[in-house]
Peer 1: 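So that we are looking at the same thing, I have put the structure below in structure tokens.
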Amino acid sequence: MCGIVGYVGPRDCSDVLVSALTKLEYRGYDSAGIAVFENNAIKVAKSKGRLTDLTKKMQKEGKPIGHAGIGHTRWATHGEPSDINSHPHSGKRVTLVHNGIIENYKEIKQFLMSNDRRGFLSDTDTEVVAQLLDFYYDGDPIRAIRKMLHEVRGSFALGIIFADRPDTVYAVRCESPLIVGQGSGEAFIASDVPAIIQYTKNYYLLDHGEIAVLKNGIASFCDLHGRMVEKELKTADWDEDSAEKGEYEHFMIKEIHEQPTAVKTTITPRIENGMPDLSECGITPDMLRGYQRIFIVACGTAMHAGMVGKYVIERLARVPVTVDMASEFRYRDPLLSEEDLVVIISQSGETADSKEALNLSKRLGAKTLAVVNVKGSSIAREADMVIYTHAGPEIAVASTKAYLVQLSVMYLLAFEMAYANGKLSEEECRRLTASLVATPAAIAKTIDDLVDDCQYISTKLITADSLLYIGRGLDYALSMEGSLKLKEISYIHSESYAAGELKHGTISLIVDGMPVIAVATQNTLLEKTVSNIKEVKSRGAMTIVVCDELSSIDPEAADYIIRVPRIEEVLMPMVAAIPLQLLAYYTSVNKGNDVDKPRNLAKSVTVE
Ligand code: AGP
């Protein structure tokens with residue numbers, strides 16, 4: 001969703017803002033803008049479209065020159081993408097950028113209009129906040145911000161400048177993510193660390209309701225009551241290169257290739273003497289023994305990782321698992337008790353629906369466990385326990401490495417829980433754990449072996465209007481992710497379907513040449529899946545079968561066979577995910593789409 005940046009320091013502020021915004025492009029946006037103090041006056045430049053459109057506009061009309069300012073990439077919510085609706089927005093003496101939603105903006109607008117404030121130019125909720133701040137501004141910025149915070153409802157983050165406070169940037173966080181970077185003699189605000197990593201690795205995490213003041217290159221903080229706050233300076237544990245494409249054409253393919261390392265880095269610290277050990281995350285076998293039911297709640301890809309988790313935990317640990325989309329869970333009045341564990345999976349740790357599902361679970365008394373990639377994110381901080389995945393920054397909107405590390409955590413959890421519950425012997429648990437430890441090598445081999453095949457097979461998909469992904473059991477769980485991956489970046493309609501359910505209706509969709517991608521890695525179900533493949537093949541489908549290297553597939557059933565290494569059956573999604581990611585990637589590339597920033601999508605969905 002929207003990205004916020006801000007800068008105070010000796011560099012050319014406009015250049016810093018645009019460069020930092022470029023690093024937030026992955027969040028998704030449709031317009032961009034900056035505001036900079038130039039000779040003590042605020043100069044604004046904004047434009048619908050990409051950052052390159054903004055840069056072109058500034059080349060034509062003059063770039064603001066100065067050393068303090070704020071910038072923004074907007075993902076439209078209130079009002080269409082347009083120059084006018086782009087941020088920054090201004091009141092008379094206040095200019096600001098905003099990420100999030102102001103829920104009561106209509107009431108505030110009404111209030112302002114009844115107080116003779118009528119000059120609204122845009123359709124945005126943001127401009128209402130700028131006007132409200134201006135209404136309260138009596139020369140004391142902190143007092144005005146605090147008053148504004150008492151009136152405004154919603155989850156949001158703001159970067160603010162006041163016309164009579166040159167070269168000072170203010171920022172406030174209410175739920176939506178915001179960090180404050182501290183360099184040597186310069187300070188930054190940003191929605192996410194990649195924006196500032198080229199300048200500094202040191203940053204502060206703003207807490208809910210905290211206000212930051214960036215002045216003379218130094219950041220200071222106060223709380224909602226105006227009291228000064230001392231904050232812990234954190235250091236990002238990854239370098240500039242991890243947020244760069246390097247030799248790769250797109251972040252997505254770079255991140256696909258990073259998967260062996262990401263999985264290894266995620267599982268290694270959680271294995272002790274060949275056995276799963278989540279104690280570094282505060283999770284003990286005793287705890288795992290105590291849960292009557294498990295709910296896995298997440299969105300999109302993270303929810304699909306939860307589907308794999310369900311199959312594996314139920315199969316091995318014999319504890320019932322329900323998987324819910326966070327957007328449904330939060331409104332379905334779920335039945336939870338203190339004996340239940342709610343697992344929230346999220347790459348960003350900031351997804352609005354997942355965050356609310358977590359809050360609801362806590363209110364209902366369940367224990368909560370977050371599986372999160374971004375350190376210090378809201379979900380990670382608010383859950384009772386957290387298992388961090390160590391994928392490093394994931395920039396491409398289409399999630400790949402975050403999915404695989406989420407799967408690896410599901411396996412660790414399932415193995416330890418199964419052992420704790422006495423459902424898995426020590427020997428079996430050691431064997432499965434050793435197989436998990438071996439997956440990074442198998443993933444690397446799968447990528448190396450399949451790039452060319454998938455590139456070729458993707459050329460058969462680009463003209464399709466629609467396709468199906470089918471599978472049974474774990475293969476079905478994985479096919480959900482394969483289907484999402486393809487549709488989000490290739491814009492081809494696709495559905496995932498349980499293979500055995502096809503003949504109850506969906507098979508009527510099959511027409512000559514329609515691609516059907518069948519995931520058939522579960523040997524215990526192979527025969528049944530192959531029958532389903534034949535059913536669609538005999539009705540004209542073009543079938544692409546993903547199976548292991550040893551399975552014998554009737555050549556008549558498959559137009560194309562993609563073979564992945566045979567590993568432990570329960571772990572097959574760890575390697576079978578690779579061709580699904582590669583097929584989606586190359587289909588998108590072949591269609592000439594913007595692979596890393598697909599239309600209408602945002603990386604981190606921080607509004608409902
Ligand atoms: C998948 O490729 C998408 N990026 C999307 O489905 C994503 O997984 C979902 O929005 C959840 O995000 P989160 O993991 O950051 O909570």
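Note that these values count all heavy atoms, side chains included, but never hydrogens, waters or copies made by symmetry. We count ligands from 1, going down the list as the structure has it; atoms in each ligand are counted the same way.
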Peer 1: Considering distance alone, does some N or O of Lys603 sit under 3.5 Å from an N or O of ligand 1?
Peer 2: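 Between Lys603 and ligand 1 (N or O atoms, distance only) the closest approach is not under 3.5 Å.
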Peer 1: Got the closest protein heavy atom to atom 14 (O) of ligand 1, with its distance?
Peer 2: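 Nearest protein contact, heavy atoms only, for atom 14 (O) of ligand 1 is Gln347 N, 2.6 Å.
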Peer 1: Among protein heavy atoms, which sits nearest to atom 9 (C) of ligand 1, and what does the distance come to when rounded to 0.1 Å?
Peer 2: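 Checked against all protein heavy atoms, atom 9 (C) of ligand 1 sits closest to Cys299 O, 3.6 Å.
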Peer 1: Which atoms of ligand 1 have any heavy atom of Ser348 under 4.0 Å away?
Peer 2: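 Contacts of ligand 1 toward Ser348, numbered from 1: 13 (P), 15 (O), 16 (O).
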Peer 1: Is the contact between Met303 and ligand 1 made by the side chain, the backbone, both, or neither, using heavy atoms and a 4.0 Å cut-off?
Peer 2: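 Met303 to ligand 1: no contact under 4.0 Å from either part.
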Peer 1: Indicate yes or no: at least one non-hydrogen side-chain atom of Pro269 is less than 4.5 angstrom from one of Glu280.
Peer 2: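 Counting from C-beta outward, Pro269 and Glu280 do come under 4.5 Å.
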Peer 1: What do you reckon, does Ser604 put a non-hydrogen atom under 4.0 Å from ligand 1?
Peer 2: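 Distance cut 4.0 Å: Ser604 fails for ligand 1.
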Peer 1: Please report which non-hydrogen protein atom sits nearest to atom 2 (O) of ligand 1, along with the residue it belongs to and the distance in Å to one decimal place.
Peer 2: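 So the nearest neighbour among protein heavy atoms is Glu488 OE2, 2.6 Å.
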Peer 1: Which of the numbered atoms in ligand 1 are below 4.0 angstrom from a heavy atom of Lys485?
Peer 2: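 In order of number, 1 (C), 2 (O).
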Peer 1: Evaluate the ring planes of Tyr199 and Phe188, with Trp represented by its six-membered ring, and classify them as parallel (under 30°), tilted (30 to 60°) or perpendicular (over 60°).
Peer 2: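 Ring orientation, 0 to 90° scale: parallel.
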Peer 1: Can you name the atoms of ligand 1, numbered from 1 with element, that are less than 4.0 Å from a heavy atom of Gly300?
Peer 2: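 Going through ligand 1 atom by atom, the ones under 4.0 Å from Gly300 are 6 (O).
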Peer 1: Write out the residue and atom name of the closest protein heavy atom to atom 4 (N) of ligand 1, then the distance separating them to 0.1 Å.
Peer 2: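 Nearest protein contact, heavy atoms only, for atom 4 (N) of ligand 1 is Val397 O, 2.7 Å.
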Peer 1: Which of the numbered atoms in ligand 1 are below 4.0 angstrom from a heavy atom of Ala302?
Peer 2: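 Heavy-atom distances to Ala302 below 4.0 Å select 8 (O), 14 (O).
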Peer 1: If only atom types and distance count, is the side chain of Ser588 paired as donor or acceptor with the main-chain N or O of Ser490 below 3.5 Å?
Peer 2: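 No, the answer is negative, given that no donor and acceptor are paired below the 3.5 Å cut-off.
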Peer 1: Where is the nearest protein heavy atom to atom 10 (O) of ligand 1: which residue, which atom, and how far?
Peer 2: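 Atom 10 (O) of ligand 1 sits closest to the protein heavy atom Val605 CG2, 4.1 Å.
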Peer 1: Which protein heavy atom lies closest to atom 5 (C) of ligand 1, and at what distance to 0.1 Å?
Peer 2: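 Residue, atom and distance for the closest contact: Thr301 N, 4.2 Å.
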Peer 1: For Gln198 and Ser19, which I'm curious about, is there any donor-acceptor pair between the side chains at under 3.5 Å?
Peer 2: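 Looking only at side-chain atoms, Ser19 and Gln198 do form a donor-acceptor pair, the distance falling under 3.5 Å.
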Peer 1: What atoms in ligand 1 come closer than 4.0 Å to a heavy atom of Ser399?
Peer 2: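 Listed by number with element, the hits are 1 (C), 2 (O).
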Peer 1: Check for me whether the distance between the ring centres of Tyr29 and His72 falls short of 6.0 Å.
Peer 2: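 No: the rings miss the under 6.0 Å criterion.
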Peer 1: Classify the angle between the aromatic ring planes of Tyr560 and Tyr456 as parallel (below 30°), tilted (30 to 60°) or perpendicular (above 60°).
Peer 2: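 The rings of Tyr560 and Tyr456 stand perpendicular, inter-plane angle above 60°.
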Peer 1: My understanding is that we take every heavy atom of each candidate and find the minimum distance to atom 16 (O) of ligand 1. Doing that for Thr351, Leu601, Ile379, Leu484, which one comes out nearest?
Peer 2: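 Going through Thr351, Leu601, Ile379, Leu484 one by one, Thr351 has the nearest heavy atom to atom 16 (O) of ligand 1.
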Peer 1: Please find out if less than 6.0 Å separates the ring center of His257 from that of Tyr248.
Peer 2: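 Ring centroids of His257 and Tyr248 are less than 6.0 Å from each other.
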Peer 1: Does the pair Thr265 and His390 meet the rule for a side-chain hydrogen bond (donor to acceptor under 3.5 Å, both in side chains), with working shown?
Peer 2: CA-CA 6 Å; Thr265 317; His390 298 306; over 6 Å; no
Peer 1: Side chains of Thr521 and Asp475: do they bring a donor and an acceptor to under 3.5 Å?
Peer 2: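 Checked: Thr521/Asp475 side chains pair up, N/O donor to acceptor below 3.5 Å.
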Peer 1: To the nearest 0.5 angstrom, please state how far the NZ atom of Lys485 sits from the OH atom of Tyr469.
Peer 2: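 These two atoms lie 10.5 Å from each other.
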Peer 1: Check ligand 1 against Ala398 and write out every atom of the ligand that is under 4.0 Å from a heavy-atom position of the residue.
Peer 2: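 Reading through ligand 1 atom by atom, the close ones are 2 (O).
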